[in-house]
Number of protein chains: 2
Amino acid sequence: MRDLLRVPVGERVSLSSYDTSATPGGSAAPRSKTDGLAAITRMAEPLANLQERLWAASTAGDRRRILLVLQGMDTSGKGGTVKHVIRLFNPAGCRVQAFKAPTPEERQHDFLWRVRRRLPQHGEIGVFDRSHYEDVLVARVRELAPRAEIESRYGRINDFERALADDGLTLVKCFLHISFEEQRLRLLRRLADPRKHWKFSPSDIDDRALWPAYQEAYEIALERCSSDAAPWYVIPADRKWYRNWAISRLLLEHLTALDPQYPQPDFDVEACRKRLQEEG
Amino acid sequence: MRDLLRVPVGERVSLSSYDTSATPGGSAAPRSKTDGLAAITRMAEPLANLQERLWAASTAGDRRRILLVLQGMDTSGKGGTVKHVIRLFNPAGCRVQAFKAPTPEERQHDFLWRVRRRLPQHGEIGVFDRSHYEDVLVARVRELAPRAEIESRYGRINDFERALADDGLTLVKCFLHISFEEQRLRLLRRLADPRKHWKFSPSDIDDRALWPAYQEAYEIALERCSSDAAPWYVIPADRKWYRNWAISRLLLEHLTALDPQYPQPDFDVEACRKRLQEEG
C-alpha cells in the first residue's frame, strides 16, 4: 500500500488524474463494504499489539513514535478516520489533535509553533486532524499571508519534517481525496439529518466555489512536500470503507516495519516469582 | 449504580468491609464474564451517541465535560479500564492523561498545577490515570511532604473540585478496589508473561509491605474528599469484567443525566439544501 499510494518524490501531481472512488491494493484490497469492514476487524488485533510494543519499547528508551496527518476537503472524512481507525488502538497511547483557525496566541508565533507543542511523545501514535499544511492550503487560497512568506513555508515544512524523522518520528501524511460531486452528496446528507446539522455551515457551500483553487494548493503541497523522510499518500476517499481500510493498512505496514520490541527485563524474574510465591 | 457505589459524604470508610470480588448492581449487574462483556457491548452505542451529543453541544457553547479519575493500587486495572472502556468512545473527544512522579518542573508548582493543565475541554471526556490524589496517597505514605502540608491538601482538593463542578465539569472518581491476594496473583501473572515484564518492577513487591498504609491513606482520602460536588465511587475490581461493566455503567448514567442536546441550526436548512440541489 505504501508504494501504491505514495506520491513520488519530485514528480508533478495532477489530482484530476486520481480516481476518488478507486480501491487500489491488488489482491489484498477489499472489494465491497462488507469485505472492507471484515478486513479492518482482522487488523484490529495486530494493530493493537504493535501499538503496545511501541509503547512498551518507549519505557526502555526507544524514541520512536508515529504521527498520522490527515488532510482533505470538508467532508472528506478526517473525523471519520479518527472515529473508525484510531478507535482500534488503546486510547492511552494515542494523542488526537484537531487544528482549527489559529488562536490569537498561536498567531503570535511561527506557524510551526502550535504543531510542535502537540507532537506525539515517544511510544505514542499521534493524529493531526488538519495540520501545519493548512498554512500552505487555506493560507494560500485565501491569501492569509504574503505570497513570499507562503512560498518559504514549503521548505520550512520539509526541514521540520526531516528533523522529526531523524529523531525517530514516522510521519504518515494522508490526503483524503474526494470528488466535487461526492462532497455535494455528503453536504446534502448532513442537511438531511438533524443530528448532523451542527457539523454544517452555509460557508461550506460558499467554499465550493474555491474548490479548484484548493485542489491546486493541494497539488503544490503534495508535490513540494512529498519527501523520502515524509512522503504523502493520496487516499481515494469517496468510499468510506476503502478509506478506513487503506489507512489502517498503511499504519499496519509502518508499525510492522518499525517492529518495536518488548524490552528485556532488567531484573531477576525467577527471584521475583519466588518472593511472591513464598508469600502465598 | 451511582447510589450503590458512592461513598456517602461525611461517613467513615473502612475498606476491609468492602468485598473486592463482589458484583453489586441488582438485577442489572452481569453474573459472569460472558454476561459482562455482552452488557458492555450493548452500552457501546449509547455511550458513543451521548459522547457525540456532548461534543456537539459544546460547539454551541455548552461548557459541560466529564473527568473520569482512576485511582487504585498497582495492578488494580487503571490501564485496563482505559483500554477497554474508554475505547468505546470516539478518540477525538477523549483526553487520557497518566500522571507519574512529578517532573522537576511540576515540583516547582503547587500540587494542583499539573492537573489543571490537563483538564478536559468543553465537550470532552477526560481520563486521569492517577491524579492529584497521589499527593495525599503516596505523598502521605512515603512522607514526601510535611504532614501539615498534606493535611491541608484535602480541603484544597475539595475547593478545587467544587469550582470545577460549578463550571460544568462532572467528576467521576473511581477507586479500583482489589484484594492483597489478587494483587499477588496479578503480579505473578505479569512475571509469567514476557510481554508483560515491562510493566513490572521488583519495587512492586517491596511496595506490598506498605499495603496497610496505602489502604489507610485511601480511606482518609475517600472519607474527606467524597463530596456532593464530586463523590468517590468504590469499584470492586478483582473481576475485570465487572470493573469494566461498572465503570461503563457509571459513565452511561452520568452522561444520561447530563442529557446533552444537538444544537439547533442557526441557518436556513431548506435554503442550503436548495442551493446544493440546484448545483447538481
Side-chain angles (χ1 to χ4, degrees), chain A residues 48-49 52-53 55-57 59-60 78-79 82-98 127 129 180-181 184-185 187-188 190-192 194-206 208 262-273 275-277 279-280, chain B residues 48-49 52-53 55-57 59-60 78-79 82-98 127 129 180-181 184-185 187-188 190-192 194-206 208 262-273 275-277 279-280:
Chain A
N49 287 344
E52 182 171 282
R53 279 163 49 189
W55 178 257
T59 65
K78 301 179 291 293
V82 173
K83 185 168 172 174
H84 297 287
V85 178
I86 303 308
R87 184 179 276 169
L88 303 175
F89 294 109
N90 183 338
C94 290
R95 195 174 286 259
V96 181
Q97 182 65 43
V127 183
D129 175 345
F180 189 64
E181 172 63 9
R184 190 176 76 94
L185 297 174
L187 288 173
L188 277 168
R190 283 190 182 174
L191 286 171
R195 291 169 307 175
K196 292 187 175 162
H197 285 169
W198 64 280
K199 295 187 187 184
F200 187 93
S201 154
S203 67
D204 296 344
I205 309 182
D206 305 333
R208 286 172 59 74
Y262 285 110
Q264 291 300 311
D266 56 359
F267 55 88
D268 184 337
V269 174
E270 206 35 59
C272 287
R273 192 178 350 230
R275 274 183 71 191
L276 280 164
Q277 272 163 346
E279 242 191 43
Chain B
N49 287 344
E52 180 170 282
R53 279 163 49 189
W55 177 257
T59 65
K78 302 180 290 295
V82 172
K83 184 166 172 176
H84 296 287
V85 178
I86 303 308
R87 185 180 275 171
L88 304 174
F89 294 109
N90 183 338
C94 290
R95 196 174 286 258
V96 180
Q97 182 65 42
V127 183
D129 174 343
F180 188 64
E181 172 63 7
R184 190 176 76 93
L185 297 174
L187 289 174
L188 277 168
R190 283 191 182 173
L191 286 172
R195 291 168 307 174
K196 291 185 176 162
H197 286 169
W198 64 280
K199 295 187 186 183
F200 186 92
S201 153
S203 66
D204 296 345
I205 307 181
D206 307 331
R208 284 172 60 74
Y262 285 110
Q264 291 300 310
D266 57 358
F267 55 88
D268 185 336
V269 174
E270 205 36 59
C272 287
R273 192 175 354 227
R275 274 181 73 192
L276 280 164
Q277 272 163 346
E279 241 189 46

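In what follows, chains carry the letters A, B, and so on, assigned in the order in which the sequence lines appear, proteins first and then strands, with residues in each chain numbered from 1.
Judged by distance alone, the side chain of B/Arg184 and the main-chain N or O of A/Leu276 form a donor-acceptor pair under 3.5 Å.
For the options A/Leu185, A/Leu191, A/Val127, A/Val96, heavy-atom pairs under 4.5 Å to chain B are most numerous at A/Leu191. Ranked by heavy-atom pairs shorter than 4.5 Å toward chain A, the options B/Ala271, B/Pro202, B/Pro263 are led by B/Pro202. When each of B/Lys196, B/Arg195, B/Arg273 is checked for heavy-atom pairs under 4.5 Å with chain A, B/Arg195 comes out on top. For the set B/Ile86, B/Val269, B/Asp129, the entry with the most heavy-atom pairs within less than 4.5 Å of chain A is B/Val269. Counting heavy-atom pairs under 4.5 Å between each of A/Gln277, A/Glu181, A/Arg53 and chain B puts A/Gln277 at the top.
For B/Ala92, the parts lying under 4.5 angstrom from a heavy atom of chain A are both the backbone and the side chain. Neither the backbone nor the side chain of B/Gln264 comes within contact range of chain A; no heavy atoms are under 4.5 Å apart. With a threshold of 4.5 angstrom between heavy atoms, A/Ala56 approaches chain B through its backbone and through its side chain. Residue B/Cys94: no heavy atom, backbone or side chain, is found under 4.5 Å from chain A. In this structure, chain B has a heavy atom under 4.5 Å from the backbone of A/Leu88, while its side chain stays farther away. In this structure, chain B has heavy atoms under 4.5 Å from both the backbone and the side chain of A/Phe200. Residue A/Ala60: no heavy atom, backbone or side chain, is found under 4.5 Å from chain B. For B/Asn49, no part sits under 4.5 Å from any heavy atom of chain A, backbone or side chain.
Separation of atoms NZ (A/Lys199) and OH (B/Tyr262) is listed at 8.0 Å; rounding is to 0.5 Å. Note that CZ of A/Arg190 and SG of B/Cys272 are 13.0 Å apart. Values are rounded to the nearest 0.5 Å.
At a threshold of 4.0 Å, the pair A/Arg275-B/Asp204 does not count as salt-bridged, since none of the basic side-chain nitrogens sits closer than that to a carboxylate oxygen. Ionic pairing of A/Glu279 and B/Arg208 is present here: one or more N-O contacts between side-chain nitrogen and carboxylate oxygen are shorter than 4.0 angstrom. At a threshold of 4.0 Å, the pair B/Glu52-A/Lys83 counts as salt-bridged, since one of the basic side-chain nitrogens sits closer than that to a carboxylate oxygen.
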Between A/Ser201 and B/Phe267, is the side-chain contact (heavy atoms from CB on, under 4.5 Å) condition met? List the steps. CA-CA 8 Å; A/Ser201 154; B/Phe267 55 88; 6.0 Å; no
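Across all non-hydrogen atoms, the minimal contact from A/Asn90 to B/Arg87 is N-NH2, 3.5 Å.
Other residues, nucleotides and ligands contribute over 12 non-hydrogen atoms within 6.0 Å of the CD atom of A/Glu270.
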